[in-house]
Participant: 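Just dropping this structure here.
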Amino acid sequence: ITLNNANDFSTVSVVSGNNVVLNDVNALDLGASTVSGTLTVTSGGALTQSGAVTAPNLAVTSSGPVTLTNPANDFDTVAAQVNGAGNGLQLVDVDGLTVGTVGAVSGIMAAGNVALTTTNGGALTIDQPITTTNTGTLTLTNAGLLALNANLAADGAIVQNGAGAITTTGSRTLTTTNDAVTLNQAVTLGGDLTITTGTGPITLNSTLDGAGNLTANSTGTTTFAGAVGGITPLTSVTTNAGGTSALNGGTVTTTGAQTY
């Protein structure tokens, strides 16, 4: 199904389709829809929904805010480009979700807040970068494992507040513009992790393990609420000399240097 002209719909519902392309010059509401392949949506205004959407692959390009928060949504891989100052993305998925590449869209870029939520134990896998501008925050609510396989860069705070643990692969960076980074669950490093927040605080509210180098660059306070390297020692820990480090978890174990 391909409807890629200068269309102007109010609500579109796809009862059944393989690969579906929808283009709307203004706002668009998605009714209950079932797509077996890729759903590609372009909207000139807000993208909302009045029914649950099922699609293995979802690509969104929007010039308005995107709100896809029906608790029965079921996507596998999503990618989104949300343009226009203050326009963000809210998305809820009933199980596991991957931020990846779908067609011509890769990762998530938004000019406002981004909030991704998985439920029912679903993992949240970040395989392509997520970037926000215009003071946009990034909130990751992962019911299952949060796998950080790509970098995060926000012009607002970054918060992980789901129940699932966190893993990283490769050399990962988490960056904000003088805003906080808060990771509430246990982190296992699969490589080096650099967190850069300017004046914003860095808070790790659980344990931190894994054979990688941790660099925490903040002129604010970096807080380790749990043990560091208690199960698997880190290679090294380096915090910004211009900031303050609070070691509240007891021990910090590394195989190499610790610099505070």
Participant: Going by heavy atoms in the side chains, are Thr168 and Thr188 under 4.5 Å from each other?
Facilitator: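 Counting from C-beta outward, Thr168 and Thr188 never come under 4.5 Å.
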
Participant: Nearest 0.5 Å, please: how far is CG in Leu89 from CG in Leu47?
Facilitator: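 Between atom CG of Leu47 and atom CG of Leu89 there are 9.0 Å.
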
Participant: Side chains of Asn205 and Asn184: do they bring a donor and an acceptor to under 3.5 Å?
Facilitator: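 Indeed, the side chains of Asn205 and Asn184 share at least one donor-acceptor pair under 3.5 Å.
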
Participant: By the definition side-chain contact (heavy atoms from CB on, under 4.5 Å), identify the one residue from Thr38, Thr98, Leu97 that meets it with Thr77.
Facilitator: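 Testing Thr77 for a side-chain contact (heavy atoms from CB on, under 4.5 Å) against Thr38, Thr98, Leu97 leaves exactly one candidate, Thr98.
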
Participant: Kindly indicate, with the supporting measurements, whether the criterion side-chain contact (heavy atoms from CB on, under 4.5 Å) is fulfilled by Asn18 and Val35.
Facilitator: CA-CA 5 Å; Asn18 183 9; Val35 175; over 6 Å; no

Participant: Might you point out which heavy atoms bring Gly37 and Pro56 nearest each other, and give the distance in Å?
Facilitator: O-CD, 3.2 Å

Participant: To check you understand the geometry: which heavy-atom pair defines the closest contact between Pro129 and Ala150, and what is its length?
Facilitator: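 In this case the closest contact between Pro129 and Ala150 is N-CB, 3.6 Å.
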
Participant: Same hydrophobic cluster for Val82 and Met109, using side-chain heavy-atom links shorter than 4.5 Å among ILVMFWY?
Facilitator: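 Each belongs to a different hydrophobic cluster.
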
Participant: Arg172 versus Asn151: any side-chain heavy-atom pair under 4.5 Å?
Facilitator: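 When only atoms from C-beta onward are counted, Asn151 and Arg172 do touch, with a gap below 4.5 Å.
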
Participant: With Thr177 as reference, evaluate Asp155, Thr135, Thr197 under the side chain to side chain donor-acceptor pair (under 3.5 Å) test and give the passing residue.
Facilitator: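 Result: among Asp155, Thr135, Thr197, Asp155 is the only option passing the side chain to side chain donor-acceptor pair (under 3.5 Å) with Thr177.
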
Participant: Determine whether Thr203 and Phe224 make a side-chain contact, defined as any pair of heavy atoms from C-beta on separated by less than 4.5 Å.
Facilitator: no

Participant: Roughly how far, to the nearest 0.5 Å, is the CG atom of Asp76 from the CG atom of Asp93?
Facilitator: 7.5 Å

Participant: Mind checking whether Val78 and Val60 sit in one hydrophobic cluster, side chains of I, L, V, M, F, W, Y counted as touching below 4.5 Å?
Facilitator: yes

Participant: Given 3.5 Å as the limit, does a donor-acceptor pair link the side chain of Ser206 with the main chain of Gln185, or not?
Facilitator: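 The answer is no, because no donor-acceptor pair under 3.5 Å joins these two groups.
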
Participant: Kindly indicate, with the supporting measurements, whether the criterion side chain to side chain donor-acceptor pair (under 3.5 Å) is fulfilled by Thr232 and Asp209.
Facilitator: CA-CA 5 Å; Thr232 303; Asp209 288 284; 5.1 Å; no

Participant: Is any side-chain heavy atom of Gln160 less than 4.5 Å from a side-chain heavy atom of Asn142?
Facilitator: yes

Participant: Tell me whether Gln49 contacts the main-chain N or O of Thr69 through its side chain, where contact means a donor paired with an acceptor under 3.5 Å.
Facilitator: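 Yes, because the side chain of Gln49 sits within donor-acceptor range (under 3.5 Å) of the backbone of Thr69.
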
Participant: Surrounding CG of Leu3 (heavy atoms of other residues, nucleotides or ligands, distance under 6.0 Å), is the total greater than 12?
Facilitator: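 Atom CG in Leu3 is packed in, count exceeds 12.
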
Participant: Once you round to the nearest 0.5 Å, how far does OG1 of Thr42 lie from CG of Asn4?
Facilitator: 9.0 Å

Participant: If Ile, Leu, Val, Met, Phe, Trp and Tyr residues are connected whenever their side-chain heavy atoms lie under 4.5 Å apart, and connections chain through other members, are Val159 and Ile202 in the same group?
Facilitator: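 Result: no, two separate clusters.
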
Participant: Check whether any side-chain N or O of Asp192 sits under 3.5 Å from a backbone N or O of Gly212 as a donor-acceptor pair, and report yes or no.
Facilitator: no

Participant: Side chains of Pro233 and Thr254: does their closest heavy-atom pair fall under 4.5 Å?
Facilitator: no

Participant: Apply the side-chain contact (heavy atoms from CB on, under 4.5 Å) test between Val181 and each candidate in Thr175, Leu152, Thr176; give the one that qualifies.
Facilitator: Thr176

Participant: Quick one, Leu22 with Leu39, criterion side-chain contact (heavy atoms from CB on, under 4.5 Å). Give me CA distance, side-chain angles, the key distance, then yes/no.
Facilitator: CA-CA 8 Å; Leu22 300 174; Leu39 174 60; 4.3 Å; yes

Participant: To the nearest 0.5 Å, what is the distance between OG1 on Thr40 and CG on Asn57?
Facilitator: 8.5 Å

Participant: Please check: side-chain N/O of Asn26 versus main-chain N/O of Asp8, any donor-acceptor pairing under 3.5 Å?
Facilitator: no

Participant: Would Val99 and Leu68 show up in the same hydrophobic cluster when neighbours are defined by side-chain heavy atoms closer than 4.5 Å?
Facilitator: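 Yes, it is one cluster - the side chains of Val99 and Leu68 are joined through contacts under 4.5 Å.
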
Participant: Output, in order, the C-alpha distance, side-chain angles, deciding distance and verdict of side-chain contact (heavy atoms from CB on, under 4.5 Å) for Leu189 and Leu208.
Facilitator: CA-CA 8 Å; Leu189 301 181; Leu208 176 64; 4.1 Å; yes

Participant: Are Val92 and Ile126 connected into the same hydrophobic cluster when the rule is that any two of I, L, V, M, F, W, Y join if their side-chain heavy atoms are below 4.5 Å apart?
Facilitator: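 Looking at the clustering, Val92 is in a separate group from Ile126.
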
Participant: Does Thr118 use its side chain to pair, donor to acceptor, with the backbone of Ala143 at less than 3.5 Å?
Facilitator: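 Confirmed, Thr118 side chain pairs with Ala143 backbone.
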
Participant: As a test of understanding, state which of Thr239, Asn240, Thr259, Thr221 forms a side chain to side chain donor-acceptor pair (under 3.5 Å) with Ser245.
Facilitator: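 The single option meeting the side chain to side chain donor-acceptor pair (under 3.5 Å) with Ser245 is Thr239.
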
Participant: Counting distance only, does the side-chain N/O of Asn73 pair as donor-acceptor with the main-chain N or O of Val53 below 3.5 Å?
Facilitator: yes

Participant: Mind checking the OG1-CG spacing from Thr61 to Asn83? Nearest 0.5 Å is all I need.
Facilitator: 7.5 Å

Participant: Of Thr141, Thr167, Leu183, Leu124, which meets side-chain contact (heavy atoms from CB on, under 4.5 Å) against Leu146?
Facilitator: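 Exactly one option meets the side-chain contact (heavy atoms from CB on, under 4.5 Å) with Leu146, and it is Leu124.
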
Participant: One pair to check against side chain to side chain donor-acceptor pair (under 3.5 Å): Asn23 and Asn7. What are the steps and the verdict?
Facilitator: CA-CA 6 Å; Asn23 182 70; Asn7 303 303; over 6 Å; no

Participant: Tell me, with the steps shown, if Ile108 and Leu116 meet side-chain contact (heavy atoms from CB on, under 4.5 Å).
Facilitator: CA-CA 11 Å; Ile108 293 175; Leu116 303 178; 4.0 Å; yes

Participant: Looking at Thr54 and Thr34, would you say the former's side chain and the latter's main chain have a donor-acceptor pair under 3.5 Å?
Facilitator: no

Participant: Using a 3.5 Å distance criterion without hydrogens, assess whether the side chain of Ser62 forms a donor-acceptor pair with backbone atoms of Gly45.
Facilitator: yes

Participant: If you take all heavy atoms of Ala111 and Gly84, which pair is closest and at what distance?
Facilitator: CB-O, 3.2 Å

Participant: Check Val105 against Ala79 and note the closest heavy-atom contact, atom names and distance.
Facilitator: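 Closest pair (atom of Val105, atom of Ala79, distance): O-CB, 3.3 Å.
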
Participant: Is the shortest heavy-atom distance from the side chain of Asn213 to the side chain of Leu234 under 4.5 Å?
Facilitator: no

Participant: Do you know the tightest heavy-atom contact between Ala154 and Gly136?
Facilitator: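 Answer, listing the atom of Ala154 first, then Gly136: CB-O, 3.8 Å.
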
Participant: How many angstroms lie between atom CG of Asp29 and atom CZ of Phe9, to the nearest 0.5 angstrom?
Facilitator: 12.5 Å

Participant: Between Thr139 (side chain) and Ile158 (backbone), is there a donor-acceptor pair under 3.5 Å?
Facilitator: no

Participant: Do side-chain atoms of Ser218 reach the backbone of Gly200 as a donor and acceptor pair under 3.5 angstrom?
Facilitator: yes

Participant: How far apart are the closest heavy atoms of Ser63 and Gly44, and which atoms are they?
Facilitator: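 For Ser63 and Gly44, the tightest heavy-atom pair comes out as CB-O, 3.5 Å.
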
Participant: Flag the pair Val252 / Leu247 as yes when at least one side-chain heavy-atom distance between them is below 4.5 Å, and no otherwise.
Facilitator: yes

Participant: Measuring only between side-chain heavy atoms, which start at C-beta, is Leu214 closer than 4.5 Å to Thr238?
Facilitator: no

